[in-house]
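These notes are about the structure you will find just below.
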Number of protein chains: 2
Amino acid sequence: MFKKESFQPVQSTKLVDDVVHQIQQQISAGKFKPGDKLPPEPELMQLFHVGRSTIREAIRVLVSAGLLEKRQGIGTTLKANTIIQEPLTQRLHRAKLIEVFEARKMIDIEISRLAALRRDDNDLSNMRKHLDAREMALQQNDREQYARSDIEFHMAIAIASKNAVIIDLYRTFSQVLSDAMNQLNLNYRTHDPQSQYHEQVYESIKQGDADQAVKWTLEILNRTLSEL
Amino acid sequence: MFKKESFQPVQSTKLVDDVVHQIQQQISAGKFKPGDKLPPEPELMQLFHVGRSTIREAIRVLVSAGLLEKRQGIGTTLKANTIIQEPLTQRLHRAKLIEVFEARKMIDIEISRLAALRRDDNDLSNMRKHLDAREMALQQNDREQYARSDIEFHMAIAIASKNAVIIDLYRTFSQVLSDAMNQLNLNYRTHDPQSQYHEQVYESIKQGDADQAVKWTLEILNRTLSEL
DNA sequence: AAGGGGAGATCATCTGATGTTTAAAAAGGA
DNA sequence: TCCTTTTTAAACATCAGATGATCTCCCCTT
């Protein structure tokens, strides 16, 4: 008897994916030059023998990927320099650890500043929750839980900044940094004497005092950096 | 006579983009856990007060970005992969313009600070060169050359920061922002009365005064932000 | 020469209808 | 009771039609 798990469902080709791939291939093959106009939607419907919504979803995907540009009343055009970008995580893995650290420090500081200006009650209660869990784990000497809570606390600050781009940047940098330091058998934020600073950061954000929040965040970061 | 600069085109946010931003925000803020199901299409229609095709296009964008997973008969679920394997440019294309701007502001400031601390003679001469070219273009009313020199000047500052990760971030953010603002028929850094501030930034960096460099960079940025 | 006003092209959005896929409930048989 | 089959409901996939919004272009008037 075969294991069911060893099989995968046949690639059920959705029409939209098919259209996306075909257009993408045409672009990759250089059939279009930057600035060239794609056929209008009704024509694409005939060319691909699909409905309007299928065409529109396919085009929308390529627009969001940055390959095409759509303008009402004008049409759809091919954008210039479709340079192949690598994922940020890959880029960071290639980078010097100190550079990644420095960049994350920049993000950390801005996050604290924005959080102090924008936090709402929900943000504060989340931060408080993780801060308490962090303290608890510290007293019980639960390194695992401590590390988790510490990350969650900082993530809660990030979320309070209300800027999705910065949140994503912070998440990516922290993840890569954590991986890299584990690999080097370095402890990633597992030093106990910082509880006071974390409390200070929380209080500053709660008070809405951006300058103080930045100041205490810097205190934490400078201590972590010294271990590198 | 009214100043042209005092007007701004009406921000015509397409419904699909709005829906994408809202869902992205929820995901980035961690409101969903991996595996969580999104409400079905009819419910989303009611929640957002838009038609089904609008919902479908928005979901399709996030699926193509790798954040969501759609299965016929099942529904739409949040993908497990927390760290998105997605080029940064693509992520920025999906973001709200104001969020990208805010993040680049953060980078710009840190770059000025680091440049003041780390610039060498070569950096300074490069900055001087582009600053002169910028001034020259301004007097000759060569908008094209002015824009190019302005970007080069700021890029020279970035390079002086000596952090490759931050340089790459800055380049990516600037490019995406430039594209986006061009598309909105907004001028991207083409206001003349800032020459003094650019000179101040250069002088501060030359003196190695990080605080002053940040201060004057903020002056420039606050003026650009006011146009958004 | 400047501005007004269509006409046409093209995308944006909504709505209704029908087909497919999936999971789970219901039914049936041993 | 347990296993298999059938049915049903949920949810996405796709198409078609209609209306609105936006942009370019051209012609006309002043």
Side-chain angles (χ1 to χ4, degrees), chain A residues 1 4-5 7-23 32 35-79, chain B residues 1-2 4 7-23 32 35-79 93-94 180 182-186:
Chain A
M1 185 60 171
K4 283 185 199 169
E5 290 76 19
F7 293 107
Q8 288 187 357
V10 179
Q11 183 94 5
S12 70
T13 309
K14 296 284 178 284
L15 291 185
V16 174
D17 294 326
D18 197 1
V19 174
V20 168
H21 291 146
Q22 285 200 47
I23 297 179
F32 296 106
D36 276 1
K37 271 175 54 171
L38 251 65
E41 288 170 359
E43 195 171 330
L44 289 173
M45 287 171 61
Q46 294 180 344
L47 288 174
F48 288 106
H49 291 291
V50 296
R52 180 104 185 279
S53 45
T54 304
I55 294 291
R56 283 189 57 78
E57 286 185 33
I59 300 285
R60 172 74 62 179
V61 165
L62 293 169
V63 169
S64 90
L67 273 73
L68 299 178
E69 194 169 357
K70 256 200 310 190
R71 289 177 65 190
Q72 191 171 349
I74 306 296
T76 307
T77 54
L78 181 58
K79 275 186 79 172
Chain B
M1 185 59 170
F2 289 104
K4 281 188 209 167
F7 293 108
Q8 49 179 300
V10 180
Q11 190 100 3
S12 80
T13 308
K14 295 285 179 284
L15 292 185
V16 175
D17 291 329
D18 198 358
V19 174
V20 169
H21 292 151
Q22 287 200 46
I23 298 179
F32 297 107
D36 275 2
K37 271 175 58 172
L38 250 67
E41 288 171 358
E43 196 170 329
L44 290 174
M45 289 169 61
Q46 293 181 342
L47 289 174
F48 288 106
H49 290 291
V50 296
R52 183 164 53 254
S53 47
T54 304
I55 293 291
R56 285 187 56 78
E57 286 186 35
I59 299 285
R60 173 74 62 181
V61 166
L62 292 168
V63 168
S64 88
L67 273 73
L68 299 178
E69 195 168 11
K70 258 202 306 189
R71 286 174 60 196
Q72 190 171 349
I74 306 295
T76 307
T77 55
L78 184 58
K79 257 194 158 180
H93 268 295
R94 257 210 324 285
N182 278 334
Q183 199 169 340
L184 289 175
N185 277 328
L186 278 175

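Given the structure is predicted, the values throughout are model-derived calculations rather than measurements. First the proteins, then the strands, lettered A, B, ... as listed; each starts at 1.
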- Are B:Arg71 and C:dA23 close enough that a side-chain N or O sits under 4.0 Å from OP1 or OP2? yes

- A:Arg56 CZ - C:dT13 P separation (whole Å): 7 Å

- Query: Would you say a side-chain N or O of A:Thr54 is under 4.0 Å from OP1 or OP2 of D:dA13?
  - Reply: no

- Item | 5' precedence on DNA chain D between A:Gln72 and B:Arg52 (nearest-nucleotide basis) | B:Arg52

- Whole-Å gap separating C1' (C:dT13) and CG (B:Asp18): 14 Å

- What is the distance from CG of A:Leu44 to P of C:dA9, rounded to the nearest Å? 16 Å

- Does C:dC11 have OP1 or OP2 sitting under 4.0 Å from an N or O in the side chain of B:Lys14? no

- Item | Distance, rounded to the nearest Å, where A:Glu41 contributes CD and D:dC15 contributes C1' | 14 Å

- Check whether any side-chain N or O of B:Ser53 sits under 4.0 Å from OP1 or OP2 of C:dA12, and answer yes or no. no

- Listed nucleotide nearest any side-chain atom of B:Val16, set D:dA11, C:dA23, C:dT13: C:dT13

- Message: Please report the distance, rounded to the nearest Å, between CG in B:Leu15 and P in D:dT19.
- Response: 20 Å

- Item | Upstream residue (5' side of DNA chain D) when A:Ile74 and A:Gly51 are each assigned their closest nucleotide | A:Gly51

- In whole angstrom, what separates A:Ile55's CD1 from C:dA12's C1'? 16 Å

